[in-house]
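Each chain gets a letter, A, B and so on, in the order the sequences are listed, and its residues count up from 1.
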Number of protein chains: 2
Amino acid sequence: MTNIREIAKIAGVSIATVSRSLRHPDKVSEKTRQKVIEAMETYEYRPNMMAHNFRSTRSYKLLVLVPNLANPFFATLIRGLEDYAQKRGYSVLLGDTRDEVQNERIYLDLINSKQADGVIQLTPYSPEESLVPDHLPIVGAAGCEGTPYPSVRIDNTEAAKTVTDYLISQGHRRIGVISGLRDNRHTMDRLRGYRQSLEEAGIEFDKSLVIEGEFTMASGQMAANQVLMMDEKPTALFCMNDDMAIAAMQTLKSNGVRVPEDISVAGFDNIEYSKYTDPPLTTIDQPAMEIGRMAAKQLITLIEDGELPQNRFVLPYEFIVRESVRSLT
Amino acid sequence: MTNIREIAKIAGVSIATVSRSLRHPDKVSEKTRQKVIEAMETYEYRPNMMAHNFRSTRSYKLLVLVPNLANPFFATLIRGLEDYAQKRGYSVLLGDTRDEVQNERIYLDLINSKQADGVIQLTPYSPEESLVPDHLPIVGAAGCEGTPYPSVRIDNTEAAKTVTDYLISQGHRRIGVISGLRDNRHTMDRLRGYRQSLEEAGIEFDKSLVIEGEFTMASGQMAANQVLMMDEKPTALFCMNDDMAIAAMQTLKSNGVRVPEDISVAGFDNIEYSKYTDPPLTTIDQPAMEIGRMAAKQLITLIEDGELPQNRFVLPYEFIVRESVRSLT
DNA sequence: GTGAAAGCGCTAACAT
DNA sequence: ATGTTAGCGCTTTCAC
């Protein structure tokens with residue numbers, strides 16, 4: 001258990017100098033610094049970060065609140081986040097909330113008890129449910145419009161409009177939607193884009209075409225079953241994430257409905273699996289890694305500087321055309 | 001910034017009593033304890049865990065080393081892990097190694113610098129590459145046979161044999177394999193099961209039928225392309241994980257090879273997506289959540305007691321028959 | 001440029 | 001059952 005005192009003794013300096021050699025090398029003469037470094041190396045000294053963190057009232061930990069880690073979109077985002085955080089000397093603490101607000105409370109306690117310096121929230125903001133304490137360093141990632149704290153995201157409304165525009169350009173006019181939960185902000189933002197597109201094309205909005213899912217594959221399957229029972233089926237289906245699109249597509253096909261010949265399907269997220277469905281899925285590519293990196297960057301700045309020059313970071317998305325949408329013209 | 005001293009003053013006791021009320025409530029009289037609790041509540045006192053951890057030389061953090069968080073099998077395992085850890089008062093620190101040993105080194109530094117109490121390793125043990133320091137509390141999860149530290153896993157060899165046995169029982173004799181990297185221990189264990197099955201059935205092992213992948217979808221696709229170019233194609237394909245199976249299946253189909261009519265496909269892991277492929281994938285269900293929970297449990301025991309009553313925890317797997325395998329008989 | 005010393009918030013002997 | 005006190009390993013004034 002070699003500590004700072006031992007190194008000081010070996011190097012023949014005071015513990016203050018050892019500390020300075022690490023944290024403020026410029027305040028130590030080149031010669032003594034060398035002596036200290038050498039002592040550290042021969043004794044394989046590793047500063048006790050618990051003491052360091054305690055003393056400097058910084059944990060160098062970022063808490064990420066994720067509704068479902070098993071969704072590869074979130075997992076990929078977190079990979080980016082972690083990659084960046086690591087380069088800045090921060091580690092990431094995982095908080096899988098299972099989409100339950102009460103679980104968030106438990107994790108937020110890590111902040112209060114000083115075990116994390118800030119949080120990255122992957123669940124879109126909900127005014128009713130949010131329990132963000134004041135002055136908590138927090139940034140939203142892949143969130144929604146109107147988040148009251150800094151956030152990094154794409155323009156969900158515009159992206160949804162892009163998808164719908166494309167469906168319409170392919171001759172579809174009866175376009176179904178498999179949405180997330182009605183009061184989820186992603187659902188709202190994306191539905192707005194869908195409706196805008198319809199409106200511009202002069203197609204009347206038909207709410208019976210919107211089926212409520214909850215961003216899970218099981219819900220995508222259920223939604224597809226509802227589509228199967230409709231008398232007048234849509235010719236195309238816009239699913240608000242790839243998980244639901246993948247499940248819906250499979251459900252449709254296993255019930256004898258061909259994709260895209262009978263019903264076209266589009267997704268949202270561009271998780272890797274969407275490239276390997278049959279047919280490969282047309283979808284919106286959210287730059288998951290980049291959103292994660294950027295969110296980490298903003299959070300760390302917020303922690304270290306106490307403020308951000310800018311609060312909204314809207315990243316570009318890409319529309320990926322594959323083979324799950326058929327042209328009607 | 002309300003600290004233990006303030007609470008002591010408010011409650012009219014010493015700081016020792018405040019500390020005891022929290023950590024050893026039985027050593028404090030009911031009456032004073034109530035006073036202390038009340039003071040804590042009215043002042044919303046949250047103990048500074050950085051100080052607590054520092055003082056007790058425990059970080060209450062578990063480091064999980066994962067080769068690729070975007071693989072839902074790992075993500076699901078981690079969910080289980082985290083769920084259990086949380087109940088025991090531990091948090092999980094994420095270390096995505098991108099399957100690079102040198103990245104492991106960076107993360108293991110978190111242990112040396114006392115920022116984590118132990119590690120859960122999700123990459124199977126490799127004698128050549130492993131850099132596990134002595135006396136490091138570590139448990140392997142979803143690892144391989146012969147791991148020199150405690151591990152929680154299924155019997156990979158037996159599971160692979162189960163799959164192959166089934167394929168043979170359906171009349172297949174020319175069974176291809178898409179494996180992981182040749183020197184990966186999962187590849188070795190599972191290949192052994194495959195060969196055992198063949199041997200018992202009196203089928204000669206043909207190494208030209210084994211195509212090396214690397215557990216990624218991209219490699220599954222490449223492997224499938226190799227199968228497509230074979231003169232004498234296998235009638236069935238055993239893929240060593242679902243990601244490769246999913247990619248292979250899609251590649252086969254998009255090249256006009258029907259699954260399972262022309263080639264049967266089986267996977268390994270039973271990630272959720274394998275239920276929604278077309279056709280749904282026959283595969284081995286690894287109890288990911290349960291492996292994660294159990295691994296966390298063992299690691300915490302190891303940390304707190306310094307030893308484990310038992311070092312090998314082999315959990316049951318399940319063979320899931322869906323529709324991607326056809327009977328030849 | 002360097003050292004002496006105080007102290008971060010808490011825990012745990014030790015004393016009463 | 002409760003209080004006094006030393007000290008965990010480190011950072012940072014404050015002197016020199």
Side-chain angles (χ1 to χ4, degrees), chain A residues 1-40 43-61 89 109-117 304, chain B residues 1-40 43-61 89 109-117 304:
Chain A
M1 239 281 39
T2 149
N3 62 20
I4 199 173
R5 205 156 284 118
E6 288 204 41
I7 298 300
K9 199 184 299 171
I10 308 303
V13 298
S14 72
I15 62 169
T17 299
V18 176
S19 178
R20 273 192 288 255
S21 302
L22 247 23
R23 312 295 163 201
H24 312 282
D26 49 313
K27 294 199 177 309
V28 177
S29 82
E30 179 60 19
K31 214 167 120 241
T32 39
R33 204 169 56 79
Q34 282 306 333
K35 269 194 309 189
V36 174
I37 301 291
E38 198 189 309
M40 286 179 174
Y43 282 73
E44 293 186 356
Y45 169 67
R46 317 265 61 211
N48 181 332
M49 291 311 268
M50 288 178 76
H52 170 87
N53 293 350
F54 165 48
R55 195 45 244 256
S56 35
T57 61
R58 279 277 164 79
S59 66
Y60 295 96
K61 308 265 181 302
D109 217 53
L110 289 171
I111 301 285
N112 296 326
S113 59
K114 308 261 188 293
Q115 304 196 77
D117 299 333
E304 299 189 343
Chain B
M1 238 285 37
T2 150
N3 62 20
I4 198 173
R5 206 156 281 120
E6 288 205 40
I7 298 300
K9 200 184 299 173
I10 308 302
V13 298
S14 73
I15 60 167
T17 300
V18 176
S19 178
R20 274 190 289 255
S21 301
L22 248 21
R23 313 294 164 202
H24 312 281
D26 48 312
K27 294 200 176 307
V28 177
S29 84
E30 179 61 19
K31 216 168 118 238
T32 41
R33 206 169 55 79
Q34 283 306 332
K35 269 194 309 189
V36 173
I37 301 290
E38 199 189 308
M40 286 179 175
Y43 282 73
E44 292 186 357
Y45 169 69
R46 319 264 59 212
N48 181 332
M49 291 310 268
M50 287 177 78
H52 170 86
N53 293 351
F54 165 48
R55 194 47 242 255
S56 33
T57 60
R58 279 277 163 79
S59 65
Y60 295 97
K61 308 266 181 301
D109 217 54
L110 289 171
I111 301 286
N112 295 326
S113 60
K114 309 261 187 294
Q115 304 196 75
D117 298 332
E304 299 189 344

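Every residue was checked against the ring pair (Phe, Tyr, Trp, His ring centres under 6.0 Å) condition with A:Y45, not counting sequence neighbours, and none meets it. A search for side-chain hydrogen bond (donor to acceptor under 3.5 Å, both in side chains) contacts involving A:N3 returns nothing, not counting sequence neighbours.
Note: B:M49 CE to A:Q115 CD = 5.0 Å, rounded to the nearest 0.5 Å. Between atom NZ of residue A:K35 and atom OG of residue A:S21 there is a gap of 10.0 Å, rounded to the nearest 0.5 Å. Here CG of B:N112 is found 11.5 Å from CG of A:N48. Values are rounded to the nearest 0.5 Å.
Residue A:S14 places none of its side-chain N or O atoms closer than 4.0 Å to OP1 or OP2 of C:dA4.
One end of the helix from C:dG1-D:dC16 to C:dT16-D:dA1 points its axis 30° away from the other end's axis, with each axis taken from 5 pairs and the angle rounded to 10°.
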Footprint string (nucleotides 6-16 of chain C, 5' to 3'): B base within contact, S backbone only, - free, heavy atoms under 4.0 Å | -BBBBBBB---
Candidate pair A:T2 and A:E44, rule side-chain contact (heavy atoms from CB on, under 4.5 Å), full reasoning | CA-CA 8 Å; A:T2 149; A:E44 293 186 356; 6.0 Å; no
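Looking at every heavy atom in both residues, B:H52 comes nearest to B:Y60 through NE2-CE1, 4.1 Å. Summarising the geometry of A:R58 relative to A:N53, their closest heavy-atom pair is O-CB, 2.9 Å, with the distance given to 0.1 Å.
Residue-environment remark: CD (B:E38) stays at or below the threshold of 12 foreign heavy atoms within 6.0 Å.
Along DNA chain D, the stretch of nucleotides lying under 4.0 Å from any heavy atom of chain B spans, 5' to 3', D:dA1 to D:dG9.
The salt bridge (charged side-chain N to carboxylate O under 4.0 Å, His left out) pairs that include a residue from residues 10-31 of chain B are B:E30-B:R33, where partners are two or more places apart or lie in different chains.
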